[in-house]
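Treat the numbers as computed from the prediction; the structure is a model and nothing was measured. Just follow the structure's listing: the first ligand is 1, and inside any ligand the first atom is 1. Heads up: numbering here begins at 1 and tracks the sequence.
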Amino acid sequence: MKHFSEIPTLLQAREQQHLLRRRVELQSPQSVQPIINGRQMLSFCSNDYLGLANHPSIADSMKTAIDACGVGSGASHLIDGHHQYHEALERELAAFCGREAALVFSTGYMANMGVMAALMNRQDTIIQDKLNHASLIDGAKLAQAKMLRYRHNDTGHLAQLLTQATGKKLVVTDGVFSMDGDCAPMTDLAQVAGEHDAWVMVDDAHGFGVLGEQGAGLVSEQGLSTSDVQLVVGTLGKAFGTSGAFVAGDQTTIDYLLQFARTYIYTTATPPAVAAATRTALGLVKQADTQRAHLQALIARLRTGLADIGLPPMASRTPVQPVVIGSNERAMRISQHLNERGLLVTAIRPPTVPEGTARLRITLSATHSFAQIDTLLNALEDSQ
Ligand SMILES: *Cc1c(COP(=O)(O)O)cnc(C)c1O
């Protein structure tokens, strides 16, 4: 945009390319059957993988905490907004990840920006997977570090780029890729990074709660310690059902981030009741083995069904199950057809995903039933 007068033209162009995004209005709690624009829908698009967003125990914890300490934190963490609930949550999250310490941020976006900008500067190099989440790309921009990007999950390409990197080297990847659902090859990646004296930062927003023992995420599932993967980021607005995010690592690095991560320092602490609710959520996440097993069974049913109707899903063992359609228009058409039948499946289009790979992004929750998967499969078959 060279001039503000181009704004209407750019907006029209978006619409003509079938890229205009529209929000829907949720009029009920988040669930697999939300009320949207006055209509009850069957939803396959939230990140509420364990159905905790409207869990009564978590809601009760939040209410109790509000009675005990009100709503607003009233200040940033380093002034006097850091409540005992935040403190306890950080300790519990660190233990959950098998790390010495953790720091809780207001959002995952802010955690990524804050960590990368605190650790890296102009002399350094951030090496990222091509399909990393936007917040990681923006984190590298904020850090003003050099940025190199390797082909998706290609550790050979990563090794090649690491030989060109200068200064401190930070390898950054999504754990579970948010638009593809596949996992980063963590063990190989950590080994290649280690050979080049680089640190590894994993954003496992979609792995926590879903993968690993007790839902401790991809890094834990792969048995990788702080010496392999120095920093693990998790978000609390997905499987945890609340809001916020955390970074976990060794004590010294977390101490450093507390002093230097600007998106942690210069912002109001989240309401303490959210931290209290998240502590309850963490307890439920750890105990959710039955829900995780059901989720895996749903994933298997969906994948078999999709292949049977000629819509093969991408390679993914997570609740993120995208089906690549190709053209923006066709993806939108299928999504609209499903919508007319009361099914909510989002069409994800560029620039969120590469040009020509518009897709239906189906996400599953442990609160879905097998019958609901079959309803989706039938509607998808009819939309062909
Ligand atoms: C959702 C997401 C984020 C952002 O987290 P918020 O808490 O929603 O800001 C960051 N990284 C990845 C991979 C995500 O999927």
Side-chain angles (χ1 to χ4, degrees), residues 21 23 26 30 45-50 52-53 86 89-90 93 97 102-117 126 128-143 149 152-153 170-184 186 189 200-212 215 217-219 229 231-248 261-264 267-271 274-275 277-278 281-282 285 314 316 318-322 346 348 351-353 359 361-365:
R21 285 117 188 267
R23 295 175 297 181
L26 191 65
Q30 182 63 264
C45 61
S46 86
N47 303 313
D48 184 21
Y49 302 124
L50 297 175
L52 297 183
H86 295 118
L89 175 62
E90 287 181 346
L93 285 169
C97 299
L103 194 63
V104 170
F105 285 73
S106 300
T107 73
Y109 194 104
M110 290 170 73
N112 287 335
M113 303 271 283
V115 171
M116 292 166 87
I126 296 174
Q128 310 212 31
D129 189 289
K130 282 231 161 119
L131 298 188
N132 274 356
H133 190 263
S135 57
L136 295 169
I137 307 302
D138 293 357
K141 285 187 191 162
L142 186 66
R149 300 183 73 181
H152 179 50
N153 281 349
L170 182 67
V171 175
V172 181
T173 184
D174 280 21
V176 173
F177 285 85
S178 53
M179 295 300 138
D180 295 62
D182 57 341
C183 299
M186 280 321 307
L189 215 137
V200 179
M201 169 175 171
V202 179
D203 172 357
D204 202 17
H206 300 269
F208 277 105
V210 171
L211 301 176
L218 180 68
V219 174
V229 173
L231 291 162
V232 185
V233 173
T235 60
L236 302 169
K238 288 168 181 156
F240 282 81
T242 60
S243 187
F246 62 93
V247 56
R262 294 167 65 88
T263 60
Y264 179 80
T267 196
T268 301
T270 48
V274 174
T278 307
L282 175 56
V285 163
M314 297 177 75
S316 160
T318 70
V320 179
Q321 292 289 329
T346 11
I348 305 281
T352 308
V353 292
R359 63 198 66 177
R361 180 172 178 270
I362 301 167
T363 60
L364 298 180
S365 166

*Asks:* Distance only, no hydrogens: is a donor on one side chain within 3.5 Å (strictly under) of an acceptor on the other, for Asp182 and His152?
*Replies:* yes
*Asks:* Can Ile137 and Asn132 be said to form a side-chain contact (heavy atoms from CB on, under 4.5 Å), step by step?
*Replies:* CA-CA 7 Å; Ile137 307 302; Asn132 274 356; 4.2 Å; yes
*Asks:* So, using ring-ring contact (aromatic ring centres under 6.0 Å, His included) as the criterion, who are the partners of His206 when residues are at least two apart?
*Replies:* Tyr49
*Asks:* I'd like to know whether Arg21 forms a side-chain hydrogen bond (donor to acceptor under 3.5 Å, both in side chains) with Thr352, so could you lay out the CA-CA distance, the side-chain angles of the two residues, the decisive distance to 0.1 Å, and finally the verdict.
*Replies:* CA-CA 11 Å; Arg21 285 117 188 267; Thr352 308; 2.8 Å; yes
*Asks:* Near ligand 1, which protein residues have a heavy atom under 4.0 Å away?
*Replies:* Thr107, Gly108, Tyr109, Asn112, His133, Ser135, Asp174, Ser178, Asp203, Ala205, His206, Thr235, Lys238, Gly244
*Asks:* Check whether any side-chain heavy atom of Pro319 lies under 4.5 Å from a side-chain heavy atom of Val210, and answer yes or no.
*Replies:* yes
*Asks:* Which heavy atom of Ser178 sits nearest to which heavy atom of Arg361, and what is that distance?
*Replies:* O-NE, 2.8 Å
